[in-house]
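As the structure is a computational prediction, the values presented were derived from the model and not from experiment.
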Amino acid sequence: MSWGTELWDQFDSLDKHTQWGIDFLERYAKFVKERIEIEQNYAKQLRNLVKKYCPKRSSKDEEPRFTSCIAFFNILNELNDYAGQREVVAEEMAHRVYGELMRYAHDLKTERKMHLQEGRKAQQYLDMCWKQMDNSKKKFERECREAEKAQQSYERLDNDTNATKADVEKAKQQLNLRTHMADENKNEYAAQLQNFNGEQHKHFYVVIPQIYKQLQEMDERRTIKLSECYRGFADSERKVIPIISKCLEGMILAAKSVDERRDSQMVVDSFKSGFEPPGDFPFEDYSQHIYRTISDGTISASKQEIGKVDAKTTVGKAKGKLWLFGKKPKGPALEDFSHLPPEQRRKKLQQRIDELNRELQKESDQKEALNKMKDVYEKNPQMGDPGSLQPKLAETMNNIDRLRMEIHKNEAWLSEVEGKTGGRGDRRHSSDINHLVTQGRESPEGSYTDDANQEVRGPPQQHGHHSEFDDEFEDDDPLPAIGHCKAIYPFDGHNEGTLAMKEGEVLYIIEEDKGDGWTRARRQNGEEGYVPTSYIDVTLEKNSKAPLKELFEM
């Protein structure tokens, strides 16, 4: 099947068909372009969706911990990767399909234009040959008519008896001339006819078939190119299907990773206070005054006093118990986290100690590196000045000392929390039985202890959030002094809960060091606080109040 043989007379139809083919190619290219825009917009919207629902992690406390949250954020990450694959599809279509189509359409237009111009030139040449042949034919026909007229004129004069011989001779010469010209035009016409027939045969059997064959090949190549682009259009997406499948598998794995038991345990770990449930309220007998008699005045008075103490103590106890389940006193976040429940306070302190230890390790590594560099400079002065490292070394040493003090201080607070959490149930139980506080004191966490010497305290505690309990124990006797101490070094006592002292100053000791490096002391004017045990010289006495007063007076 060849266009040259089958469509030899359909030049205009082929012109329209090839133009339609190019238009269809460009239409498909436009379709691919719009599909690319859809993929790009889809990927952009997916990324915006992921960005909208991703957590804004401004601090470590806001990081997701529950498995359901972690699974959701893993799904968001997989969806973000999925959006990236849609962008890959768009890029592949733009490069492999759309770009290729536009380049091929441009080349196709140029080739079509060239073939059509060749066909028009061939047709114009054939038309010119036909015109030459037609002109020679018309000229031959005209000369034949003129020769026929000359023949008729000659015959008429030759038969006319009145015509002169000269007129007859002249008519004969005219006849011969016209006959000769008719013969020449006949030969010319025959030559032009033969030439036209040859060119026409060549045109319809050689030139036009060749041109149409080229047009046919061009159109078939266009069809093949469309087929390749159709395949590339599908392959662009088929290539990313394995990666998209992995994204979907990742979403399924994220869904399977949700652990309701673990999430429930995290809720317990996050909100566990460490307090014991409140005990039973004691029975308060208000009918005692009904049976009171005049003769029982002394006893009644003592009962009234006890009743007053019990009432005050009971109210204080009720406050202490209800505070766990009621509204917790709100206040600023304290350095020792004493505003938090014991369990949460212990976790926060442990986290801070871990962070400080990491910082201390970094500073220690930096100190070691600086010392090595200093040794190198001392052995090879040309490499650097050892003195230039001294400020950095001093700064590092100061940081190490500061971090060690911070770690020591936080460890003391942690020891206090762990000690109180361990004995909280017994202390709470004993206080509920006695309903009196004359034998104990309020701890920083709102619990009570029976023995002042058994209470473990760390340095500087902020008691602003215990203001609701302060008025209940303001009449308690101060703790007795168990010895005295003399300051070996001065201590500024900037932190709240500490006690500043000067070198050589003598103070009462009211609590020994429980292993946390701090000793509780009191001045003669009653001011109390914690001082570093390593800064003082301690002397314990059985009855140290009197001797200590003498020391103050000296």
Side-chain angles (χ1 to χ4, degrees), residues 58-61 332-338 345-418 456-462 485-507 509 511-521 523 527-538:
S58 58
S59 65
K60 293 183 179 179
D61 294 337
L334 304 178
E335 183 184 6
D336 60 352
F337 300 113
S338 57
R345 183 186 182 196
R346 182 188 64 77
K347 291 173 62 177
K348 290 289 186 182
L349 287 172
Q350 188 62 52
Q351 290 176 3
R352 181 187 286 175
I353 290 172
D354 294 340
E355 292 175 0
L356 290 172
N357 282 325
R358 286 193 291 269
E359 293 181 13
L360 180 61
Q361 184 62 40
K362 289 181 182 178
E363 294 293 337
S364 300
D365 294 342
Q366 185 174 1
K367 174 188 172 185
E368 184 178 354
L370 289 172
N371 285 328
K372 289 181 180 179
M373 191 179 296
K374 184 179 179 181
D375 293 340
V376 172
Y377 286 176
E378 289 175 351
K379 294 178 181 179
N380 301 294
Q382 67 274 11
M383 296 184 67
D385 182 14
S388 63
L389 301 176
Q390 195 60 36
K392 189 65 177 176
L393 270 171
E395 180 184 353
T396 305
M397 290 298 296
N398 290 334
N399 290 337
I400 290 175
D401 293 339
R402 176 181 58 79
L403 289 171
R404 283 176 177 170
M405 288 190 67
E406 287 290 329
I407 291 172
H408 182 74
K409 181 169 60 174
N410 283 275
E411 286 178 346
W413 289 333
L414 182 61
S415 299
E416 173 191 357
V417 174
E418 290 176 347
V456 180
R457 289 184 180 270
Q461 297 292 332
Q462 300 180 7
C485 66
K486 185 176 182 179
I488 304 174
Y489 308 106
F491 180 63
D492 51 15
H494 288 320
N495 293 330
E496 187 176 350
T498 58
L499 183 66
M501 61 182 182
K502 299 178 181 178
E503 184 178 355
E505 186 177 358
V506 180
L507 304 170
I509 294 178
E511 275 190 15
E512 292 184 68
D513 185 352
K514 300 299 183 182
D516 55 6
W518 296 88
T519 300
R520 189 174 179 183
R523 286 198 178 91
E527 184 179 358
E528 296 181 3
Y530 289 91
V531 295
T533 305
S534 59
Y535 282 39
I536 58 176
D537 183 13
V538 179

Quiz prompt | Check: Asp401 and Met405 side chains under 4.5 Å, non-hydrogen atoms | solution = no
Self-check item: Those residues that, when tested against Glu368, pass salt bridge (charged side-chain N to carboxylate O under 4.0 Å, His left out) (two or more places apart)
Solution: Lys372
Quiz item: Roughly how far, to the nearest 0.5 Å, is CD of Glu359 from CG of Asn399?
Solution: 9.0 Å
Quiz item: Ile509 and Val538: which non-hydrogen atoms are nearest, and at how many Å?
Solution: CD1-CG1, 3.1 Å
Self-check item: Partner residues of Glu363 under the salt bridge (charged side-chain N to carboxylate O under 4.0 Å, His left out) criterion, sequence neighbours left out
Solution: none
Self-check item: Rounded distance (nearest 0.5 Å) linking atom CG of Asp375 with atom CE of Met373
Solution: 11.0 Å
Self-check item: Spacing of Asn410 atom CG and Leu356 atom CG [to the nearest 0.5 Å]
Solution: 6.0 Å
Quiz item: For Asp354 and Gln350, does a side-chain donor sit closer than 3.5 Å to a side-chain acceptor?
Solution: yes
Identify each donor-acceptor pair in which a side-chain atom of residues 385-396 lies under 3.5 Å from a protein atom, sequence neighbours left out, and give them as a table.
unit_1: Asp385; atom_1: OD1; unit_2: Gly387; atom_2: N; d: 3.1
unit_1: Ser388; atom_1: OG; unit_2: Asp385; atom_2: O; d: 2.6
unit_1: Gln390; atom_1: OE1; unit_2: Lys374; atom_2: NZ; d: 3.4
unit_1: Thr396; atom_1: OG1; unit_2: Lys392; atom_2: O; d: 2.8

Quiz item: Listed by chain and number, what are the ring-ring contact (aromatic ring centres under 6.0 Å, His included) partners of Tyr535, not counting sequence neighbours?
Solution: Tyr489, Phe491
Quiz item: Taking atom NZ of Lys486 as the centre, does the number of heavy atoms from other residues, nucleotides or ligands within less than 6.0 Å exceed 12?
Solution: no
Exercise. Specify the closest pair of heavy atoms between Ala521 and Leu499, including all atoms of both residues, with the distance to one decimal.
Key: O-CD2, 3.9 Å
Self-check item: side-chain contact (heavy atoms from CB on, under 4.5 Å) involving Glu411 - partner list, sequence neighbours excluded
Solution: Ile353, Ile407
Quiz prompt | Residues Glu406, Lys409: salt bridge by 4.0 Å N-O rule | solution = yes
Quiz item: So how far is it from Met501 CE to Leu507 CG, rounded to the nearest 0.5 Å?
Solution: 7.0 Å
Exercise. Please round to the nearest 0.5 Å and tell me the distance separating atom CD1 of Ile400 and atom CZ of Arg402.
Key: 10.5 Å
Quiz item: Hey, what do you get for CH2 (Trp518) to CD (Glu416), rounding to the nearest 0.5 Å?
Solution: 13.0 Å
Practice problem: Can you sort out the partners of Glu527 under salt bridge (charged side-chain N to carboxylate O under 4.0 Å, His left out), two or more places apart, ordered by chain and number? | Solution: Arg523
